[in-house]
Student: 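Pasting in a structure now, in structure tokens, and then I'll have a few things to ask.
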Amino acid sequence: MTAACLMTTYQPLALSFTRGLGTRLWDQQGREYLDAVAGVAVTNVGHSHPRLVTAISEQAGLLLHTSNLYSIDWQQRLAQRLTQLSGLDRAFFNNSGAEANETALKLARLHGWKKAIEEPLVVVMENAFHGRTLGTMAASDGPSVRLGFQRLPGDFLKVGFGDLAALEAITQQFGPRIAAVLLEPIQGESGVLPAPPGYLKALREHCTRHGWLMMLDEIQTGIGRTGAWFAFQHEGIVPDVMTLAKGLGNGVPIGACLARASVAQLFTPGSHGSTFGGNPLACRVGCTVLDIIEEQGLLQNAAQQGTHLLARLRVELREHPQVLAIRGQGLMIGIELARPYRDLALRAAHEHGLLINVTRGKIIRLLPPLTLDAKEVEMIVRAITRLVD
Ligand SMILES: *Cc1c(COP(=O)(O)O)cnc(C)c1O
């Protein structure tokens, strides 16, 4: 086969898989790999989970799609589960992360409109990544996402991630025009950068004081990735709006935007919608993913194996001249190198049978399925140690 008929948006590695099971993938030659990427934080319960295989095939034989002209039982069930788990009140379903963030941004606009702000602004963070639509691209940072796409929607104010003084400064300058803040609790695409301790709590208080919506993009950090259902739960806060996608469908496309009741009711019939969003297949899959995480104790496992992996990496790579930092929470771990290594991801695959992601040229990102066990932690540690030697 040739890729000549595809648009050149990706530069895929010369690797292609035909099959997956749990934490493992097999390529076209039948070689086995340990998957520490999980489709970029997507296959959180592992590949081809038998419960998901059953749910998907059963639902395919019953009903795939009716549209939101009719009520959808699985959609209501998933909304109930997610609101119970998060402490938020209502859900809207999309097909992707970017769309879920667009939903959040539309709520921010309505929130501003209700407060009679003529052109409401949304505060976003340096190094943020929120998606590839025009709106979410504008909310993201960095030339790799934005270059050449001007002119983007301009209703965003960018501050340093974790910088409370900068937040105070833009509040002084633009305060009454600001409707919301949108941020990732741990910045994923820019290299697993956690918010500094206390920042989310301070931001929560700031938003409450000024009547801004606190909107958390948990598309990568959510659904157990950090060892809690949602990363904000480590901080003892609840946002006003949260977006989800990736791990919620374990590979079946789905996105969700959750909100407090007072915010959710800004939407009225006709003010937002989606043809596919909330379809019976995706929502049944979402419910099944949550069941699996609960029944297999995967939050605890992610917390435990994540702490273990982080500690082991820190021991093995301690004082390594090329390793600048090892950071993260649960099974979302970044290893920042002093310089780019040639073909790092491909070498990891070929030489060690390990799939890793390398972001920003020199940050190894580990996002294995939440089912990772202690033996696999050692496999990862051994492979990474050899790779950076
Ligand atoms: C992946 C990601 C998105 C975009 O999700 P898509 O499903 O690709 O649109 C948005 N925000 C964060 C934090 C992400 O990791």
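Heavy-atom basis, side chains included; hydrogens, waters and symmetry copies ignored.
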Student: Looking only at atom types and distance, does a side-chain atom of N101 sit under 3.5 Å from a main-chain N or O of H130, one as donor and one as acceptor?
Tutor: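 At least one qualifying donor-acceptor pair exists.
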Student: Treating Ile, Leu, Val, Met, Phe, Trp and Tyr as nodes and any side-chain heavy-atom pair under 4.5 angstrom as an edge, say whether V192 and V358 lie in one connected cluster.
Tutor: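 No.
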Student: Should V159 and F161 be counted in the same cluster of Ile, Leu, Val, Met, Phe, Trp and Tyr side chains packed under 4.5 Å apart?
Tutor: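 Same cluster: V159 reaches F161 through Ile, Leu, Val, Met, Phe, Trp or Tyr contacts under 4.5 Å.
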Student: The criterion is side-chain contact (heavy atoms from CB on, under 4.5 Å); which residues satisfy it with P153, sequence neighbours excluded?
Tutor: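 In terms of side-chain contact (heavy atoms from CB on, under 4.5 Å), with neighbours along the sequence ignored, P153 is linked to L134, A138.
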Student: Cation-pi check, R19 to F17: give yes when NZ or CZ is under 6.0 Å from the six-membered ring centre and within 45° of the ring axis, no otherwise.
Tutor: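 No; the conditions do not both hold, so R19 does not lie above the ring face of F17.
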Student: For A256 and L248, which heavy atoms make the closest approach, and how far apart are they?
Tutor: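 Between these two residues, the closest heavy atoms are CB-CD2, 4.1 Å.
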Student: Check the surroundings of atom NZ in K201: do more than 12 heavy atoms from other residues, nucleotides or ligands lie under 6.0 Å from it?
Tutor: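 No, the 6.0 Å shell around NZ holds no more than 12 heavy atoms from other groups.
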Student: For R51, check salt bridge (Lys or Arg N to Asp or Glu O under 4.0 Å) against everything at least two apart and list the hits.
Tutor: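 Applying salt bridge (Lys or Arg N to Asp or Glu O under 4.0 Å) to R51 gives D291, E295.
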Student: Less than 4.5 Å apart, side chain to side chain, heavy atoms only: is that true for F230 and S86?
Tutor: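 F230 reaches S86 side chain to side chain.
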Student: Check whether any side-chain N or O of Q76 sits under 3.5 Å from a backbone N or O of D73 as a donor-acceptor pair, and report yes or no.
Tutor: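 Checking the backbone N and O of D73 against the side chain of Q76, no donor-acceptor pair under 3.5 Å is found.
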Student: If you count the non-hydrogen atoms of other residues, nucleotides and ligands that lie under 6.0 Å from CD in E118, is the total more than 12?
Tutor: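 Atom CD in E118 is not crowded, with 12 or fewer foreign heavy atoms closer than 6.0 Å.
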Student: Please check: side-chain N/O of R132 versus main-chain N/O of A98, any donor-acceptor pairing under 3.5 Å?
Tutor: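 No.
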Student: E32: which residues meet the salt bridge (Lys or Arg N to Asp or Glu O under 4.0 Å) condition with it, sequence neighbours left out?
Tutor: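 In terms of salt bridge (Lys or Arg N to Asp or Glu O under 4.0 Å), with neighbours along the sequence ignored, E32 is linked to R24.
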Student: Taking salt bridge (Lys or Arg N to Asp or Glu O under 4.0 Å) as the definition, give me every residue that meets it alongside R260, ordered by chain and number, with sequence neighbours left out.
Tutor: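 For R260 the salt bridge (Lys or Arg N to Asp or Glu O under 4.0 Å) partners, ignoring immediate neighbours, are D240.
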Student: Kindly check if the number of other-residue, nucleotide or ligand heavy atoms within 6.0 Å of CZ (R109) is above 12?
Tutor: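 Counting neighbours around CZ of R109, 12 or fewer heavy atoms of other residues, nucleotides or ligands fall under 6.0 Å, so no.
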Student: Stepwise, does the side-chain contact (heavy atoms from CB on, under 4.5 Å) test hold for Q322 with Y341?
Tutor: CA-CA 10 Å; Q322 300 301 334; Y341 280 57; 3.2 Å; yes
Student: When Q220 is tested against each of Q187, E184, R365 for side-chain hydrogen bond (donor to acceptor under 3.5 Å, both in side chains), which residue passes?
Tutor: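 Looking at Q187, E184, R365, the match for Q220 under the side-chain hydrogen bond (donor to acceptor under 3.5 Å, both in side chains) is R365.
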Student: Carefully, step by step, assess I292 and N250 under the rule side-chain contact (heavy atoms from CB on, under 4.5 Å).
Tutor: CA-CA 11 Å; I292 294 169; N250 210 65; over 6 Å; no
Student: Rounded to the nearest 0.5 Å, how far does CG of L157 lie from CE of M125?
Tutor: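 Going from the CE atom of M125 to the CG atom of L157 covers 10.5 Å.
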Student: Would you say T171 and H206 are linked by a side-chain donor-acceptor pair, where the criterion is simply a distance under 3.5 Å?
Tutor: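 Yes, T171 and H206 have a side-chain donor paired with an acceptor closer than 3.5 Å.
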Student: As a quick check of understanding, evaluate side chain to side chain donor-acceptor pair (under 3.5 Å) for R204 and T208, giving each step before the final call.
Tutor: CA-CA 6 Å; R204 172 68 276 180; T208 305; 3.2 Å; yes
Student: Before giving the answer on side-chain contact (heavy atoms from CB on, under 4.5 Å), spell out for W74 and L63 the whole-Å C-alpha distance, their side-chain angles and the decisive distance to 0.1 Å.
Tutor: CA-CA 11 Å; W74 283 108; L63 189 64; over 6 Å; no
Student: In sequence, state the C-alpha distance, the side-chain angles, and the governing distance for I237 and M214, and then conclude on side-chain contact (heavy atoms from CB on, under 4.5 Å).
Tutor: CA-CA 10 Å; I237 58 159; M214 183 183 193; 3.7 Å; yes
Student: Using the side-chain hydrogen bond (donor to acceptor under 3.5 Å, both in side chains) rule, collect all pairs that involve residues 36-49, keeping only residues at least two apart or in two chains.
Tutor: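 The answer is D35-H47, N44-R225, H49-Q296.
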Student: Using the salt bridge (Lys or Arg N to Asp or Glu O under 4.0 Å) criterion, which residues pair with E319? Sequence neighbours excluded.
Tutor: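 Scan of E319 (salt bridge (Lys or Arg N to Asp or Glu O under 4.0 Å), adjacent residues dropped) gives none.
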Student: Quick one: does F276's side chain get under 4.5 Å of N94's, heavy atoms only?
Tutor: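 Sidechains of N94 and F276: no contact.
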Student: Mind listing the closest non-hydrogen atom pair of S190 and I363 along with its distance?
Tutor: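 Closest approach of S190 to I363: O-CD1, 3.9 Å.
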Student: To check you understand the geometry: which heavy-atom pair defines the closest contact between A100 and C257, and what is its length?
Tutor: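 Heavy-atom minimum between the residues: O-CB, 3.9 Å.
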Student: Would you find a donor on one side and an acceptor on the other, under 3.5 Å apart, between the side chain of H352 and the backbone of R386?
Tutor: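 Judged by distance alone, no pair lies under 3.5 Å.
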Student: Can you get from V323 to I384 by hopping between Ile, Leu, Val, Met, Phe, Trp and Tyr side chains that sit under 4.5 Å apart?
Tutor: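 In one cluster with V323: I384, yes.
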Student: So does E189 get a backbone contact from the side chain of T359, meaning a donor-acceptor N/O pair under 3.5 Å?
Tutor: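 At least one qualifying donor-acceptor pair exists.
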Student: For the hydrophobic clusters of this structure (ILVMFWY residues joined by side-chain heavy atoms under 4.5 Å, transitively), does one cluster hold both L344 and L366?
Tutor: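 L344 clusters together with L366.
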Student: So with a 6.0 Å cut-off around CD of E378, is the heavy-atom count from everything else above 12?
Tutor: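 Yes, CD of E378 has more than 12 neighbouring heavy atoms, counting only those of other groups under 6.0 Å.
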Student: Once you round to the nearest 0.5 Å, how far does CG of L370 lie from CD1 of I223?
Tutor: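 L370 CG to I223 CD1: 10.0 Å, rounded to 0.5 Å.
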Student: Distance from I72 atom CD1 to T66 atom OG1, nearest 0.5 Å?
Tutor: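 It comes to 4.0 Å.
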Student: Which residue pairs satisfy the side-chain hydrogen bond (donor to acceptor under 3.5 Å, both in side chains) criterion with at least one member in residues 156-166, sequence neighbours excluded?
Tutor: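 Qualifying pairs, neighbours excluded: D141-K158.
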Student: At what distance, to the nearest 0.5 angstrom, does CG of L216 lie from CG of L183?
Tutor: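 The CG atom of L216 sits 5.5 Å away from the CG atom of L183.
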Student: For residues 284-335, which residue pairs qualify under ring-ring contact (aromatic ring centres under 6.0 Å, His included), counting only residues two or more places apart or in two chains?
Tutor: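 Every candidate ring-ring contact (aromatic ring centres under 6.0 Å, His included) pair involving residues 284-335 fails, so no pair, neighbours aside, qualifies.
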Student: What residue pairs, at least two apart or across chains, pass ring-ring contact (aromatic ring centres under 6.0 Å, His included) with a residue in residues 79-119?
Tutor: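 Sorted pair list: F92-H272.
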Student: Check each of V315, L310, L309 against L313 using the side chain to side chain contact (heavy atoms under 4.5 Å, CB included) test, and report the only one that passes.
Tutor: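 That would be L309.
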Student: Would you please name every residue forming a side-chain contact (heavy atoms from CB on, under 4.5 Å) with Q172, sequence neighbours left out?
Tutor: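 For Q172 the side-chain contact (heavy atoms from CB on, under 4.5 Å) partners, ignoring immediate neighbours, are E168.
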Student: Working to the nearest 0.5 Å, report the span between CG of L193 and CD of E336.
Tutor: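 So the gap between those two atoms works out to 7.5 Å.
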Student: Who pairs with E99 by side chain to side chain donor-acceptor pair (under 3.5 Å), at least two apart in sequence or on another chain?
Tutor: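 Checked E99 against side chain to side chain donor-acceptor pair (under 3.5 Å); matches are N95, S96.
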Student: Could you see if F156 belongs to whatever hydrophobic cluster contains V241? Use Ile, Leu, Val, Met, Phe, Trp, Tyr and a side-chain cutoff under 4.5 Å.
Tutor: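 Yes; V241 is reachable from F156 via cluster members.
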Student: For R151, does the CZ atom have more than 12 heavy-atom neighbours from other residues, nucleotides or ligands under 6.0 Å away?
Tutor: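 Check fails, neighbour count at 12 or below.
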Student: Identify the heavy atoms of L82 and L290 that sit nearest to each other, and give their distance.
Tutor: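 Looking at all heavy atoms of both residues, the shortest contact is CD2-CD1, 3.9 Å.
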Student: Could you grab the distance from atom CD1 of I326 to atom CZ of R314, nearest 0.5 Å is fine?
Tutor: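 It comes to 6.5 Å.
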Student: Is there side-chain contact between R77 and C283, with at least one heavy-atom pair below 4.5 Å?
Tutor: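 No, side chains not in contact.
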Student: Hey, does T221 have a side-chain heavy atom less than 4.5 Å from the side chain of Q329?
Tutor: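 Side-chain contact under 4.5 Å: no.
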Student: Taking side-chain hydrogen bond (donor to acceptor under 3.5 Å, both in side chains) as the cut-off, I'd like each qualifying pair that reaches into residues 4-14, sequence neighbours left out, listed once.
Tutor: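 Every pair satisfying side-chain hydrogen bond (donor to acceptor under 3.5 Å, both in side chains) with a residue in residues 4-14: there are none.
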Student: L372 versus L331: any side-chain heavy-atom pair under 4.5 Å?
Tutor: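 A side-chain contact exists here, since the closest heavy-atom pair is under 4.5 Å.
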Student: In the structure I gave you, are the side-chain heavy atoms of I254 and V285 within less than 4.5 Å of one another anywhere?
Tutor: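 I254 vs V285: side chains apart.
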Student: When you check the side-chain N and O atoms of T385 and E316, is any donor under 3.5 Å from an acceptor?
Tutor: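 Looking only at side-chain atoms, E316 and T385 do not form any donor-acceptor pair under 3.5 Å.
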